[in-house]
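We name chains A, B, ... by the order of the sequence lines, and we start the count at 1 in each one. Keep in mind the model is a prediction, meaning the values are calculated, not measured. The figures here come from the full heavy-atom set of this structure, side chains too, leaving out hydrogens, waters and symmetry mates.
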Amino acid sequence: MIGLALRRTVRGLATLVGVAAVVFLLMNAAPGDPASLSLGRQAGRGAASPGAVAAFRAEYGLDRPLPARFAAWLRRAALLDFGRSLQDGRPVRERIGETLPATVALNVSGLALGLLIALPVGIVAARRRGGLFDRASGLALDLLFASPPFVIGLALLLLFAVRFRLFPVLGGVDEGPAGFVLPVLALALGAAAPAARVVRSILVEAFGSSAAAAGRARGDDAAAEVARAMHRSGAQLAALVATLLPVTVAGSVLVERLFSVRGTGALLAEAVFSRDTPTVLGLTLLAAGVVVAGSIVSDLAAAALDPRLAGGARTVTGPEAAR
Amino acid sequence: MSPRLAGRLVAALVASALLGCGRHAEKGSGTIVRRLEGEPKTLNALLATGDPDLTVLALVSRNLLDYDSSLTLVPGLAESVLPDASHRSFTVTLAPDAMWEDGARVTADDVVFTLETLVDPKTPAVNRRGLFEGFEKAEKLDDRTARVTFRTASSTRLDAFSLPLLPAARYRGTAIGSNPLNRAPLSNGPYRLARWTAGSSLELERNPRASGPRGAADRFVFRVVPESAVAFEALRTGAVDEARLTQPQYAEVDREKGDVRAVLWNDLSYTYIGWNNRLPLFESAAVRRALTQLIDREGISRALYGGLARPANGPLPPGLWPYDPALEPIAFDPAAAAAALDEAGFRRGTGGVRQKGAARFAFALSLGGGSDVLRQIAETVQQAFRVAGIEMTLRPMEWAAFSSAVDDGSFEACFLAMSLDPNPDLFPNWHSSQSPPNGWNSVFYRNARVDALIEQLRGTFDRQEARPLYAEIQRLIRDDEPVTFLHCVPVKWGLNRRIQGAATSPIGLSLFWPGAASWRTVRSKSPV
């Protein structure tokens, strides 16, 4: 187990450095000068004076060669110092800190609520395979699966905020908890659809196994059968969470924008368009870190639940598992 | 999840929603909730460039001289700014009651410090520096009086004094770009910053030390709402009191006659297609005029702007004082255009595309940003050109890349909007010396007579004398058609009917004096 943890951690760190390097190169290869953009370029109205641009470049080290800049950034990033934003000169860590709570609240709540919806739906559908509930929930889940969280959010917004006025149109901290209900629901429904399908598939397989047949022969009731099936499928369910995490985080970028919740998604979009490389790198590293950490935790959890996986076998999730 | 747990979860969500809605309603009728498209980058009045920055600062930071709604300069922090006979030296006399919110007087030290900071090459004061070209020095004469001297005279100099001030005592010796006051400005205007919730909202309250008339509303809350469609729904449900409208939204508001009223005004901008005049395809004025004749601007206005946009006739929009309303825009006339193109040697060749010798009439139109209307216009023009034997491909570009291409002049044709100052100096955009990399004449326009007139205008201080010079420039540029002047598109805004006292000006709803400081609420209708 320790060996697996070490292997996965080393691989995870290499992944983070690789992601950061690629993003750094892409940001610097993109057209548009970050200095003049950050100083307020207006097409057809010119940009800041050459003196101001030169001073800005020197201040932020943009006049240094790329490898030196990346190495310096990497050294600081190891200490969780992501540098200063090119947009307003504030530490990237501070800017991320302002937006991260909203994003974490949205994503954790969305994912948790999504699983709370997906598990019972998946279990009941698997128990009553081919029945009315299975068919109806399958149709509803397919519809949700085909709709990006942004579209789901738009529908919720028009229905519950505009039509019935039950929730505020604008989300975010200014509205209190109410400001998070619809965006969380949008993310939850987006996550619940694939999760419920996977849960159903996993459990259908578990219910059809010889172990399940043996349990039934021993006189297990329905609850016990579900509990045993869940336990046997623990590794796959843990991996499912790891798969859903990046999908939910990606979906939250547009949901944040739709509900005017200023989270890291909005910050990232702004940073990309203004070529604010330190902020983009900080956010990318954060997102990649969360995904890598989620993947490591999921692998370790799976290994703990099924010791055969500690040797390097991998869990199967998503469409593969659904088959 | 048990049904009981699910029931509790739903109950908690609904309760939190109702509590949240209640909280919002407590903001009260004296509070006006405004929409910002994004969060301000800075509230340093000298460095501010974006609409969110300027919209907030308009209530927090007054200028030495302010524009009123008719674009006349009126006293602000200065009771007067007077030129000497040479128009090179200006005496700034501060208003006796001009004060910072911390109780310190606004002094000539602030004037001198602000100007010296502004002209420092390291200061990225993009919006302001151009007006101080030729600045020589600023001197303090006494606490309330400063003298500002320029090396040359210019007819647009007085407009430079529509200038905010920085408190010298707080900024001197600090890095201007990262001073903490950039996010917590010291007010000298009718309102002061009460709270800035990062990423979400800003709240302004009345500044008790403001000079002049006090703000009419108790408070302003600025909500950051990036999505236009969401802002519109927020406006209709009362969550915000004002928001810019798109054409369909304007039509809907106008039709509904509900709690929101539509406001319309002409600003100081126009849209245009810039032709790169140094390329062989576009070097002939006759060809450029023909391109304009192929575009049905009235038809586009009817289809996309509800008939509200009018064809632009030249380099000045109607809201500006020297605008010449008698100048006819080049008319839509495809037959005349075809004849002109034939005469210029561009005859239909293989595949119906015009060519002159080996050169086909084919080029790319660069587009920045992602406006649907802009794209629809481009596609309409593309279709009209195709019929006329001209192959125009559309090249959508990300904004940063597009801006670079425009400012470098590295494009074939580009679609842009031009926004002008209240007292425009045509030199940076139309003088031949200002082609890239020297200035903003990105289309490389050259006309010796226009150059001479622009130079003459800079030394003409009497507007009556200047008017015919401007008229001649407008006519010459219209005839040369270095760009196709497309439309002057009115700005459309929605205001909740509970807001009274809102006036418009060519520079917007609030970027003039008193602007939003005169807004008040007339009936208690709390936002939902």
Side-chain angles (χ1 to χ4, degrees), chain A residues 30-33 37 39-53 55-56 59 84 87-90 98-99 102 113 116-117 119-120 157-158 161-162 165-170 172-181 185 257-263 266-267 270 273-275, chain B residues 1 6 9 13-14 16-21 23-24 38-39 41-42 47 49-50 121-124 126-127 129-130 175 177-178 182-183 197-201 223-227 230 233-234 236-237 239-240 368 398-407 416 418-419 428-429 439-440 442 528:
Chain A
D33 173 33
L37 279 171
L39 296 176
R41 174 164 226 150
Q42 296 171 296
R45 300 290 308 265
S49 69
V53 170
F56 186 91
E59 186 181 347
R84 286 192 300 141
Q87 290 179 80
D88 60 10
R90 291 191 299 144
E98 286 170 358
T99 53
L113 185 60
L116 283 175
I117 296 168
L119 282 172
L157 184 85
L158 291 173
V162 176
R165 303 199 178 190
L166 283 173
F167 297 96
V169 174
L170 306 179
V173 291
D174 275 16
E175 308 300 329
F180 286 92
V181 173
L185 204 53
R257 186 172 173 89
L258 177 66
F259 288 98
S260 311
V261 176
R262 171 127 167 130
L267 183 62
E270 270 176 32
F273 289 127
S274 56
R275 304 286 185 270
Chain B
M1 184 171 62
L9 185 69
L13 289 175
V14 171
S16 70
L18 297 177
L19 282 172
C21 291
R23 254 170 48 84
H24 195 101
E39 188 171 35
K41 276 187 184 177
T42 178
L47 306 186
T49 53
K122 290 180 183 168
T123 303
V126 179
N127 269 4
R129 181 171 302 115
S178 53
N182 293 354
R183 287 181 68 83
T197 306
S200 180
S201 64
R223 287 297 312 264
V224 179
V225 188
E227 276 293 317
V230 176
E233 297 303 341
R236 293 169 75 192
T237 54
V240 298
E398 192 258 345
W399 183 253
F402 177 73
S403 300
S404 292
V406 169
D407 290 342
L416 262 177
M418 173 70 75
S419 185
N429 289 101
W440 309 334
S442 304
V528 176

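- For Leu158(A), the part lying under 4.5 angstrom from a heavy atom of chain B is the side chain only.
- When each of Arg257(A), Glu98(A), Gln87(A) is checked for heavy-atom pairs under 4.5 Å with chain B, Arg257(A) comes out on top.
- Annotation: side chain of Asp88(A) is not in contact with side chain of Asn182(B) (no heavy-atom distance under 4.5 Å).
- Heavy atoms closer than 4.5 Å to chain A are found in the side chain of Glu398(B), but not in its backbone.
- Under 4.0 Å is where a charged nitrogen must lie from a carboxylate oxygen, and between Arg84(A) and Glu59(A) at least one such pair does.
- Side-chain contact between Leu170(A) and Val240(B) is present, with heavy atoms from C-beta onward closer than 4.5 Å.
- In this structure, the portions of Ser201(B) lying under 4.5 Å from any heavy atom of chain A include both its backbone and its side chain.
- Interface residue Val224(B): only backbone heavy atoms are found under 4.5 Å from chain A.
- Between Lys41(B) and Glu270(A), no side-chain nitrogen of the basic residue sits less than 4.0 Å from a carboxylate oxygen of the acidic one, so the salt-bridge criterion is not met.
- For chain A, the option among Pro226(B), Ala198(B), Gly38(B) with the highest count of heavy-atom pairs below 4.5 Å is Pro226(B).
- A donor-acceptor pair is defined here as one N or O able to donate and one able to accept, closer than 3.5 Å; such a pair exists between the side chain of Ser442(B) and the backbone of Val406(B).
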